[in-house]
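Here is the structure we will look at, set down as structure tokens.
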2 protein chains.
Amino acid sequence: MTLADHATPAPRPGRRADAERNRAAIIEAAGKVFAEHGGGVDVREIARRSGVGMGTLYRHFPTKDELLATVLERQFDGWLTDAHEQAMATEDPWQALDGFFDRLLTNQAGNRAAVESFAATGGPSAACIQRCYSCIDQLRARCADAGVLRPGVTTDDLFQLSGSLSQAVLTTAESHPGQWRRLLRISLDGLSSRNTGPLPPLA
Amino acid sequence: MTLADHATPAPRPGRRADAERNRAAIIEAAGKVFAEHGGGVDVREIARRSGVGMGTLYRHFPTKDELLATVLERQFDGWLTDAHEQAMATEDPWQALDGFFDRLLTNQAGNRAAVESFAATGGPSAACIQRCYSCIDQLRARCADAGVLRPGVTTDDLFQLSGSLSQAVLTTAESHPGQWRRLLRISLDGLSSRNTGPLPPLA
DNA sequence: CTTGAAGCGGAGCGGCCGCTCCGATTAGTC
DNA sequence: GACTAATCGGAGCGGCCGCTCCGCTTCAAG
């Protein structure tokens with residue numbers, strides 16, 4: 001995992017064993033709590049759920065934002081890696097793109113904090129966005145080379161699409177789980193090279 | 001306007017003139033402030049911007065949530081009416097649908113509070129959602145009758161689409177304004193009857 | 001102009017929440 | 001077991017924000 005680099009402070013090996021355990025507990029609990037209630041939850045709730053005092057929590061993460069960022073980064077990075085690996089293992093370029101989106105969105109289904117962070121900044125962090133862009137661009141290029149992608153579609157378009165769909169994933173999570181897949185199918189069909197009409201120009 | 005019914009307390013005609021003026025000022029200022037900063041802003045900011053004291057604000061709206069609801073309802077209702085009228089005046093069913101979405105999304109472009117409310121509850125209020133559903137359903141039926149709409153597409157699909165795109169409208173508002181139109185075009189192309197593949201079933 | 005009731009303003013209360021501080025505890029060493 | 005430095009825990013501080021309270025102002029009826 002390359003993402004441990006972003007943690008603050010980084011998990012040094014020379015640390016006491018209980019400290020290491022607590023740190024892990026905090027990250028796990030925070031992941032669940034943020035996903036359930038969004039980034040606005042009381043930090044005390046995270047401390048409670050991880051069985052740790054406030055002092056301990058704040059020694060590991062100097063700021064609530066830092067904790068949120070770390071957690072989000074870990075989660076998103078995991079989802080991204082997973083979706084990317086699956087896509088790489090798929091031969092058909094179009095199915096790879098399809099599977100990538102499906103996997104990525106499935107993974108973050110119901111995670112309030114993740115969607116909020118997309119809404120606020122377009123993603124968990126600049127580095128994360130960059131990684132995501134790279135993945136998407138790779139898949140886009142494969143599709144474009146195979147001639148199955150609608151001409152003029154940019155990596156940015158695909159990135160925005162995933163962000164916008166993650167909104168749908170969240171709002172339909174409780175009432176109509178999985179309905180977002182219909183939107184994904186529709187969008188992907190609109191992205192196929194069957195559609196040759198020009199897209200609105202970038203301002 | 002049927003939406004004044006939702007205000008609390010309703011603007012009674014027998015009220016003093018200055019009270020009426022203040023009420024209007026509050027609604028207007030709140031609309032701007034909520035749009036700029038989202039539903040989380042300090043109520044004091046709204047009082048300041050409308051040139052009114054806290055007491056006045058809270059006599060007109062017993063609760064911050066009530067104020068937010070009223071404002072959102074007014075705004076959304078206006079946008080919806082506007083988009084609907086424009087769509088009704090368009091003969092071609094497909095262009096009517098296209099124009100409806102374009103107009104609705106353009107109108108709410110950059111309104112943080114509006115997008116938040118979509119994220120939280122799917123819309124400003126149950127009544128508003130109902131109205132929106134009706135509009136969309138009407139347009140959907142016209143397209144379906146004309147045979148230009150992909151088979152199996154539900155009103156719910158179209159509603160979710162608009163909610164998900166409003167997310168894109170917000171995130172691209174500052175860096176790439178108007179880029180969301182590309183996503184809209186893509187989605188609509190995926191919704192045309194040219195695409196006959198079955199959509200994932202509703203769970 | 002007088003009068004009384006409707007309306008106004010903003011200081012301030014109470015609760016929530018991010019973060020800190022320091023005495024108690026415990027892991028790890030000899 | 002003794003020792004010490006790293007770690008822990010949670011009471012509490014300070015600031016933010018929703019909302020209230022009440023003395024002052026203004027409208028409009030007579």
Is there a donor-acceptor contact under 3.5 Å from the side chain of [X] to the main chain of [Y]?
X         : Y         : value
Asn195(B) : Gly197(B) : no
Arg142(A) : Glu91(A)  : yes
Thr63(A)  : Glu66(A)  : no
Asp82(B)  : Gly78(B)  : no
Ser192(A) : Leu188(A) : no
Lys64(B)  : Val41(B)  : yes

Among dC19(D), dC8(C), dC8(D), the nucleotide that comes nearest once only the side chain of Ala19(A) is considered =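 So the side chain of Ala19(A) is nearest to dC8(D).
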task = Report the nucleotide, chosen from dG18(D), dG18(C), dT7(D), that has the shortest atom-to-atom distance to any side-chain atom of Tyr58(A).
result =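 Closest nucleotide among those given: dG18(C).
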request  = Would you mind checking if Glu36(A) and Arg49(A) are paired as a salt bridge, meaning a charged N to carboxylate O distance below 4.0 Å?
outcome  =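 Glu36(A) and Arg49(A): salt-bridged.
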ask   = So does Lys32(A) pair up with Glu28(A), basic N to acidic O under 4.0 Å?
value =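 Glu28(A) and Lys32(A): salt-bridged.
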query = Of the residues in residues 38-56 of chain A, which ones touch DNA chain C at a heavy-atom distance under 4.0 Å?
reply =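 Here the set is Val41(A), Asp42(A), Val43(A), Arg44(A), Met54(A), Gly55(A).
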key: Any side-chain heavy-atom pair of Leu72(B) and Phe34(B) under 4.5 Å   =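 Side chain of Leu72(B) against side chain of Phe34(B), heavy atoms only: no contact under 4.5 Å found.
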key: Non-hydrogen side-chain atoms of Ile129(B) and Thr121(B) separated by less than 4.5 Å   =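 No; the side chains remain at least 4.5 Å from each other.
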Spacing of [X] atom [atom1] relative to [N] atom [atom2], expressed in whole Å:
X        : N       : atom1 : atom2 : value
His60(B) : dG7(C)  : NE2   : P     : 8 Å
Glu20(B) : dA6(C)  : CD    : C1'   : 13 Å
His37(A) : dC17(C) : NE2   : P     : 12 Å
Phe61(A) : dC19(C) : CZ    : C1'   : 16 Å
Asn22(A) : dA6(D)  : CG    : C1'   : 13 Å
Arg59(B) : dA5(C)  : CZ    : P     : 16 Å
Leu57(A) : dC19(C) : CG    : P     : 10 Å
Glu66(A) : dC19(C) : CD    : C1'   : 14 Å

task = Rounding to 10 degrees, work out the angle separating the end axes of the helix from dC1(C)-dG30(D) to dC30(C)-dG1(D) (five pairs an end).
result =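 Answer for the end axes of this duplex: 10°.
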task = Could you tell me how the ring of Phe118(A) sits relative to the ring of Phe159(A): parallel (under 30°), tilted (30 to 60°) or perpendicular (over 60°)?
result =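 Judged by the thresholds at 30° and 60°, the geometry between Phe118(A) and Phe159(A) is tilted.
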Using a cutoff of under 3.5 Å, can you pull out all pairs of nitrogen or oxygen atoms linking the protein to nucleotides 24-28 of chain C, with atom names and distances?
{"unit_1": "dT26(C)", "atom_1": "O2", "unit_2": "Arg16(A)", "atom_2": "NH1", "d": "3.4"}
{"unit_1": "dA27(C)", "atom_1": "O4'", "unit_2": "Arg16(A)", "atom_2": "NE", "d": "3.3"}
{"unit_1": "dA27(C)", "atom_1": "O4'", "unit_2": "Arg16(A)", "atom_2": "NH2", "d": "3.4"}
{"unit_1": "dG28(C)", "atom_1": "OP1", "unit_2": "Ala17(A)", "atom_2": "N", "d": "3.2"}

query = Taking only N and O in the side chain of Thr63(B), is any of them less than 4.0 Å away from OP1 or OP2 of dG18(D)?
reply =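 For Thr63(B), the contact criterion (side-chain N or O under 4.0 Å from OP1 or OP2 of dG18(D)) is not met.
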